[in-house]
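To find a chain, count down the sequence lines: A is the first, B the second, and so on, and within it residues start at 1.
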2 protein chains.
Amino acid sequence: MYDADMSLPHALLGLLIVRPRSGYELTKEFESHIGRHAWAAGHTSIYPELNRMAENGLVEVTHEGARGSRTYAATEAGRAELRRWMFDRDRSRKVRNEEVLRMFLISALDPDDAVAYLRGIAEESAEKAAELAKLLAATGPIVQGDPEKFGLLAAEYGRRQYEAVHGWAEWAITQITGQAAEESRSSRATAS
Amino acid sequence: MYDADMSLPHALLGLLIVRPRSGYELTKEFESHIGRHAWAAGHTSIYPELNRMAENGLVEVTHEGARGSRTYAATEAGRAELRRWMFDRDRSRKVRNEEVLRMFLISALDPDDAVAYLRGIAEESAEKAAELAKLLAATGPIVQGDPEKFGLLAAEYGRRQYEAVHGWAEWAITQITGQAAEESRSSRATAS
DNA sequence: GGTTGACGTGTCAATATCCACATGTTGGAA
DNA sequence: TTCCAACATGTGGATATTGACACGTCAACC
């Protein structure tokens, strides 16, 4: 019924399983965590998709609130579909990440530019990692049966990613400026 | 002239700056490293895009070989455009990564499924990290002025990413099974 | 009482991308 | 010498996604 690799409906399904939400709330979610790290989508994709999913019985409207808002929840069929998708073996793993693309293309810059770029990355990733570390410290550990706190898995994932990027950027800088560092080290050695 | 956030042309530009290539070679590149980690594209996007870029003067055909193959190289304008794009401040950072999306949605699985999924991730990421480590060990360190070896930056990036994912998955497993581990630990303590 | 800003959902045209199909070449193995 | 696989580029229709535009609601502030 649903193509094996349609990501947006599954992203919505996942969020609705954790907690029923309105299209508007889902849009907000995509503007922050998920949208910045995993899968971007605007409200113009989300609303039509919700309608389609409702037609297909993956979600249902459980509540209609003020300003014409509709709260959606995942149906049993929706839960089953998400599970199927998560464990689908021959998934296609489409990747499209501008940030990572830029890292791949650093080689195309001349060394000075490359180092400048890497310094920017190092700084930014350290900031982001610290930000998430603070967030994680503020909320306690994950408790079983608390689906809200479960979302911290993603935050910790992000924190570790940023730390890895930070380490890499610093390493890359020493690689590229290696020769220069070598020289200054030996001159220091001579001086002492 | 070019929109600030068109990624495919910039990806092609970056590859052609490192080394002139044919559309076919570019397609191959997208099937392996770049395509799997940064930006996916098939030959049906690549060939038309190359033609468009040639019209716009970002690349030029430097050689026509057998079977109608054309080798493209970046022009001076192309180099400038890539540099502009790399350092563009208000870039849009579109993200679309099914793998990461799945990690965000682990919270939507029930604990047993989540742990099973995480075990799969842990295993897979360890394998990938080892694979890249082997590759990196086989080739020497980055040498200044050798644009080919420069590409190792990306490999090291990948290795560190996979290691981070591995560490995270193991941590996540202990978080979710935490209570169970706690219980079995205390029951062991009682038994002894 | 009016204005502003967040809430909340939607359409439509333009663009980007994917999939299936199409076509011819070259080298090597059976 | 025939066949197959990799080489090499392309078109066209279907689908997905983005950006501009549109519309109405509600609460708070001035």
Side-chain angles (χ1 to χ4, degrees), chain A residues 1-12 20-32 34-36 38-56 59 61-72 90-98 101, chain B residues 1-12 20-32 34-36 38-56 59 61-72 90-98 101:
Chain A
M1 57 164 58
Y2 253 73
D3 280 356
D5 50 345
M6 296 187 64
S7 302
L8 180 56
H10 294 100
L12 296 171
R21 298 167 217 240
S22 67
Y24 189 79
E25 288 175 291
L26 288 164
T27 301
K28 289 278 153 170
E29 199 64 39
F30 275 87
E31 275 167 18
S32 55
I34 284 211
R36 284 212 304 266
W39 200 270
H43 79 279
T44 55
S45 314
I46 293 170
Y47 288 119
E49 190 59 54
L50 283 171
N51 287 324
R52 231 183 88 198
M53 292 164 75
E55 275 174 39
N56 294 345
V59 298
V61 176
T62 56
H63 176 75
E64 310 215 355
R67 288 169 252 204
S69 86
R70 272 158 293 161
T71 301
Y72 291 87
D90 48 290
R91 52 210 192 195
S92 64
R93 297 144 192 273
K94 291 175 219 157
V95 168
R96 190 147 291 185
N97 188 323
E98 272 199 5
L101 175 59
Chain B
M1 55 163 58
Y2 255 73
D3 280 355
D5 50 346
M6 297 187 64
S7 302
L8 178 57
H10 294 101
L12 296 171
R21 298 167 217 238
S22 66
Y24 189 80
E25 289 175 291
L26 288 165
T27 301
K28 289 278 152 169
E29 199 64 39
F30 275 86
E31 275 166 17
S32 54
I34 285 210
R36 284 212 304 267
W39 201 269
H43 80 278
T44 54
S45 313
I46 294 170
Y47 288 120
E49 189 60 52
L50 283 170
N51 286 325
R52 231 183 88 197
M53 291 164 76
E55 276 173 38
N56 294 344
V59 298
V61 176
T62 56
H63 177 74
E64 310 214 356
R67 289 170 250 205
S69 86
R70 269 158 295 161
T71 301
Y72 291 87
D90 49 288
R91 52 212 191 195
S92 64
R93 299 145 192 271
K94 292 176 219 157
V95 168
R96 190 145 292 186
N97 189 324
E98 273 200 3
L101 176 59

Separation of [N] [atom2] from [X] [atom1] (nearest whole Å):
| X | N | atom1 | atom2 | value |
| --- | --- | --- | --- | --- |
| A:Leu26 | C:dC7 | CG | P | 14 Å |
| A:Met6 | D:dA14 | CE | P | 17 Å |
| A:Glu29 | C:dG8 | CD | C1' | 17 Å |
| A:Lys94 | D:dT15 | NZ | C1' | 10 Å |
| B:Leu12 | C:dA16 | CG | C1' | 14 Å |
| A:Leu50 | C:dG10 | CG | P | 8 Å |
| B:Glu64 | C:dT25 | CD | C1' | 15 Å |
| A:Arg21 | C:dC7 | CZ | C1' | 17 Å |

* Asked: With A:Tyr24, which residues qualify under ring-ring contact (aromatic ring centres under 6.0 Å, His included), at least two apart?
  ->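 Applying ring-ring contact (aromatic ring centres under 6.0 Å, His included) to A:Tyr24 gives none.
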
* Which residues pass the salt bridge (charged side-chain N to carboxylate O under 4.0 Å, His left out) test with A:Glu25, sequence neighbours left out? ->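 Here the qualifying residues are A:Arg19.
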
* To do: Give a yes/no on whether any side-chain N or O of B:Arg96 is located under 4.0 angstrom from OP1 or OP2 of D:dA16.
  =>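 No, because none of the side-chain N or O atoms of B:Arg96 sits under 4.0 Å from OP1 or OP2 of D:dA16.
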
Looking at residues at least two apart in the chain, or sitting in another chain, which of them share a side chain to side chain contact (heavy atoms under 4.5 Å, CB included) with [X]?
| X | result |
| --- | --- |
| A:Glu64 | A:Val61, A:Arg70 |
| A:Ser69 | none |
| A:Ala41 | A:Leu8, A:Phe30, A:Ile46 |

* Looking only at non-hydrogen atoms, find the nearest pair between A:Ala54 and A:Tyr72 and report the distance. =>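 Nearest pair, atom of A:Ala54 first, then A:Tyr72: CB-CE2, 4.4 Å.
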
* What string of B, S and - do you get for nucleotides 3-10 of chain D 5' to 3' if you count protein non-hydrogen atoms under 4.0 Å? -> ---SBBBB

